[in-house]
Amino acid sequence: MKNYILNVYNPTSGEYEDVVVTEDVYNAYRRTEWNADKNDAKYSANNTPFSSLIGGEDGAYENFKEFVSDDCNPLLIMTDKLLRQTLHRALNALSEDEYCLISAIYISGKSEREYAKETGIPQKTINDRKRRIIIKIKKFMDFEK
């Protein structure tokens, strides 16, 4: 049995790779190029035929990354999820006072002045504490990498 090789784009690695496929898969894959002219004739002048999209920005037949939003990118989704989990752990590692200050400013949207007035703590002290807490969170996030 003869092996057929296709050079396809692997979105996970971001590189092209040779893949061994059956003759049927090879023929079906290559057919999109062979029938491009026939496919174009099937569509009216007001429509964009699929075959005109073949190649996209980098000439790849199977890679339409320019038509896929980052919202659907599994790598970005996973990275975002891991970042959120790490941030959640960092926030849970704060003392109750530290969490209240960060929560008031960054989650509730209060200004330092508003939080200072609410707690009776001078605004300069609030600012100093906020900076120390942010450094603590950043160190936690770096440690988790």
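Quantities reported herein were computed from a predicted structural model and do not represent experimental measurements. Numbers here simply count residues along the sequence, with the first being 1.
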Task: Salt bridge present between Arg131 and Asp128 (N-O < 4.0 angstrom) - done: yes

Open item on the list: Connecting only ILVMFWY residues whose side-chain heavy atoms lie within less than 4.5 Å of each other, what is the rest of Val20's hydrophobic cluster?
Closed with: Ile5

Open item on the list: I need the Leu83 CG to Gln85 CD distance, nearest 0.5 Å.
Closed with: 10.0 Å

- [ ] Could you grab the distance from atom CD1 of Ile133 to atom CG of Asp97, nearest 0.5 Å is fine?
- [x] 8.5 Å

Task: Rounded distance [0.5 Å steps], CG in Leu101 versus CG in Leu94 - done: 10.0 Å

- [ ] Compare every heavy atom of Ala90 with every heavy atom of Met141, then report the nearest pair and how far apart it is.
- [x] SD-CB, 4.3 Å

- [ ] List the steps, then state whether side-chain contact (heavy atoms from CB on, under 4.5 Å) holds for Tyr115 with Cys100.
- [x] CA-CA 10 Å; Tyr115 190 70; Cys100 287; 3.7 Å; yes

- [ ] Measure the CD1-NZ distance between Ile135 and Lys130 for me, rounded to the nearest 0.5 Å.
- [x] 11.5 Å

Task: Straight-line distance of Asn127 CG to Arg132 CZ, nearest 0.5 Å - done: 10.0 Å

Open item on the list: Looking at every non-hydrogen atom in both residues, tell me the closest pair between Ala116 and Pro122 and how far apart they are.
Closed with: CB-C, 4.1 Å

- [ ] Using a strict 4.0 Å threshold on nitrogen-to-oxygen distance, state whether Asp80 and Arg84 make a salt bridge.
- [x] yes

- [ ] Kindly determine whether Lys136 and Glu98 satisfy side-chain contact (heavy atoms from CB on, under 4.5 Å), including the steps that lead there.
- [x] CA-CA 10 Å; Lys136 186 176 181 178; Glu98 291 171 330; 2.9 Å; yes

Open item on the list: Once rounded to the nearest 0.5 Å, what's the spacing between atom CD1 of Ile137 and atom OH of Tyr106?
Closed with: 8.5 Å

TODO: Evaluate the side-chain proximity of Ile126 to Thr119: yes if any heavy-atom separation is below 4.5 Å, no if none is.
DONE: yes

Task: Audit row: Asn92, Phe140, side-chain contact (heavy atoms from CB on, under 4.5 Å) steps and yes/no - done: CA-CA 11 Å; Asn92 283 336; Phe140 187 93; over 6 Å; no

- [ ] State whether the side chain of Thr125 and the backbone N or O of Ile121 hold a donor-acceptor pair below 3.5 Å, judged by distance alone.
- [x] no

Open item on the list: Within the supplied structure, the quantity of interest is the number of heavy atoms (other residues, nucleotides, ligands) at a distance under 6.0 Å from Glu17 CD; does it exceed 12?
Closed with: yes

Open item on the list: Can you confirm whether more than 12 heavy atoms, excluding those of Tyr99, are under 6.0 Å from its OH atom?
Closed with: no

